[in-house]
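Data first, discussion second: the structure below is written as structure tokens.
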Number of protein chains: 2
Amino acid sequence: MAEKTGTKTPRERYRSQVRAEIKERAWEQIATAGASALSLNAIAKQMGMSGPALYRYFAGRDELITELIRDAYRSLADTFRAASASGADVAALAHALRGWALDDPQRYFLVYGTPVPGYHAPDDVTAIASEIMATLLDACAALPPGDFATPFATHLEGHRQWADGHPAPPAALHRALAFWTRLHGVLSLELAGHFTGMGFDPPLLFAAELEDLSAH
Amino acid sequence: MAEKTGTKTPRERYRSQVRAEIKERAWEQIATAGASALSLNAIAKQMGMSGPALYRYFAGRDELITELIRDAYRSLADTFRAASASGADVAALAHALRGWALDDPQRYFLVYGTPVPGYHAPDDVTAIASEIMATLLDACAALPPGDFATPFATHLEGHRQWADGHPAPPAALHRALAFWTRLHGVLSLELAGHFTGMGFDPPLLFAAELEDLSAH
DNA sequence: CTGATGAGTTACAACTTCTAACGAACGCAA
DNA sequence: TTGCGTTCGTTAGAAGTTGTAACTCATCAG
């Protein structure tokens with residue numbers, strides 16, 4: 001969302017402003033109808049200009065969506081970094097994640113949802129993903145090994161490309177992966193509405209999983 | 001996939017056959033390009049007939065996709081029931097789930113992936129979902145409470161609409177939910193390619209989560 | 001054999017993304 | 001201030017899409 005509005009020529013300022021407004025409208029559409037329903041034409045009409053004008057700002061629908069994905073990743077990374085900067089432990093990180101997800105479920109799904117078979121994220125996006133994992137690893141490294149000194153942790157000791165320069169011990173790596181996959185499991189099913197009508201309280205399930213992750 | 005080809009009039013036989021072929025082509029398209037890229041026109045062309053002909057068989061794109069979702073749910077329910085019938089424990093159920101998911105990742109995402117904001121699954125689909133959970137509950141009820149005799153399990157004791165007539169004790173309910181959410185967490189991230197390039201072996205993470213679910 | 005039912009057709013409307021060509025506005029520089 | 005080039009927005013149009021309407025023709029039942 002943070003379009004660079006730094007010192008620039010008037011034309012570049014205008015350009016950035018229009019790009020930002022396009023993305024904002026796009027987010028609105030995505031939030032209400034999902035990413036697959038995003039229409040460049042509809043955005044243009046909303047902004048009072050004709051369809052092809054948008055192609056001055058984005059090469060096409062795909063580039064716009066990629067840009068939104070990038071922003072979504074950055075938004076989560078920023079949320080994590082902010083939490084971490086104010087001394088967040090894994091529990092606080094979990095609640096930051098949950099808050100971020102509930103804030104805009106479709107944004108969450110843009111990052112962690114159903115992938116388009118052919119699509120490959122650009123390198124800078126995967127770099128942001130690494131930053132997110134690094135923040136998580138920091139928090140996990142602050143805990144004793146506990147129940148995560150597992151055989152799989154031993155496997156991770158020799159297969160830690162994703163934690164390349166990170167000093168976290170194997171158990172922390174396993175805990176971080178469990179944190180990620182378990183909370184994603186609860187969150188994605190909750191946001192997708194798979195718990196509706198089951199009767200229990202989804203936040204309590206989230207809390208129970210978090211408890212299990214933090215305690216042992 | 002199992003279109004009823006029972007005793008019918010010739011016209012109904014033909015109709016069922018064509019419907020089945022449409023769905024088959026649809027599955028191919030979905031597997032290679034995702035559900036959002038499904039095109040009725042393309043299917044018609046593949047089958048050697050003109051676009052609007054398909055509307056004799058499906059009211060529209062949405063109805064076709066809903067039908068595919070229904071089939072996907074049924075397929076998973078059948079897989080679970082077959083596994084359960086041959087005396088599967090939770091571990092065997094987990095491997096059945098994993099096999100089913102890897103068999104056609106887009107089919108998995110059709111069931112557990114990103115939802116369309118407005119969409120509400122028809123009642124018979126939620127009924128199949130309940131059947132799946134019931135099979136899972138059976139397997140979980142066969143295990144001692146273990147670590148799943150939790151505060152959240154107590155909450156479930158009073159909020160078990162989803163396990164209405166099922167005799168499973170609270171700890172089994174909690175275990176079933178953990179089974180579902182944790183394995184879905186690992187599977188969905190794996191199928192979406194979020195583990196690629198991280199270095200570790202996704203099946204081992206799945207196994208580790210399963211181990212944690214079965215042991216305690 | 002006849003007549004209703006249903007399948008497939010073409011034609012069309014209303015969308016979509018996206019390209020091409022044009023005009024007009026804008027900002028910079030002489 | 002006077003150009004002049006860059007960039008923006010326009011319209012026109014191609015090639016798709018979903019979906020409706022009307023028509024033809026085969027098929028099946030009585």
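Chain letters run A, B, ... following the sequence lines, proteins first, then strands; residues in each count from 1.
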Are OP1 or OP2 of [N] and a side-chain N or O of [X] less than 4.0 angstrom apart?
{"X": "N41(B)", "N": "dT18(D)", "result": "yes"}
{"X": "S50(A)", "N": "dG9(D)", "result": "no"}
{"X": "T9(B)", "N": "dC28(D)", "result": "no"}
{"X": "R61(B)", "N": "dT17(D)", "result": "no"}
{"X": "Y14(B)", "N": "dC28(D)", "result": "no"}

Check: Any side-chain heavy-atom pair from L173(B) and F152(B) closer than 4.5 angstrom?
Finding: no
Gap between atoms [atom1] and [atom2], on [X] and [N] respectively (whole Å):
{"X": "I43(B)", "N": "dG8(C)", "atom1": "CD1", "atom2": "P", "value": "15 Å"}
{"X": "M49(A)", "N": "dT11(D)", "atom1": "CE", "atom2": "P", "value": "13 Å"}
{"X": "Y57(A)", "N": "dT17(C)", "atom1": "OH", "atom2": "P", "value": "18 Å"}
{"X": "E63(A)", "N": "dT19(C)", "atom1": "CD", "atom2": "P", "value": "11 Å"}
{"X": "Y55(B)", "N": "dC12(C)", "atom1": "OH", "atom2": "P", "value": "18 Å"}
{"X": "E12(B)", "N": "dT5(C)", "atom1": "CD", "atom2": "P", "value": "15 Å"}
{"X": "F58(B)", "N": "dT17(D)", "atom1": "CZ", "atom2": "P", "value": "18 Å"}
{"X": "R15(B)", "N": "dG6(C)", "atom1": "CZ", "atom2": "P", "value": "9 Å"}

Practice problem: By nearest nucleotide on DNA chain D, pick out whichever of K45(B) and L54(A) is the more 5' one. | Solution: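 First, find each residue's nearest nucleotide; the 5'-ward one identifies L54(A).
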| said: Taking the nucleotide of DNA chain D with the nearest heavy atom to each, does A42(B) or P10(B) sit closer to the 5' end? | reply: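 In this pair, the answer is A42(B).
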Inset, instruction - Give the nucleotide from the list dT10(D), dG6(C), dT18(D) with an atom nearest to the side chain of R11(B). - result: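 For R11(B), the side-chain atoms sit closest to dG6(C).
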- request: Scan side-chain atoms only and decide if S75(B) and W100(B) contain a donor-acceptor pair under the 3.5 Å cut-off.
  value: yes
d(R175(A) CZ, R182(A) CZ) to nearest 0.5 Å is 10.0 Å
Requested in this report: Look at the side chain of R56(B) and the base of dG8(C), then say whether one donor and one acceptor between them are separated by less than 3.5 Å.
Outcome: yes
**Asked** With a distance cut-off below 6.0 Å to the six-membered ring centre and an angular limit of 45° from the axis, does R19(B) pair with F58(B) as a cation-pi contact?
**Response**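 The answer is yes; both the distance and angle limits are met.
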Sugar-phosphate only, base, or nothing, as touched by S39(B) at under 4.0 Å among non-hydrogen atoms: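 If one applies the 4.0 Å heavy-atom cut-off, S39(B) turns out to touch the sugar-phosphate alone, with no base involved.
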Could you label the plane-to-plane angle of the Y112(B) and H184(B) rings as parallel, tilted or perpendicular, counting under 30° as parallel and over 60° as perpendicular?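 Tilted, since the angle between the ring planes falls between 30° and 60°.
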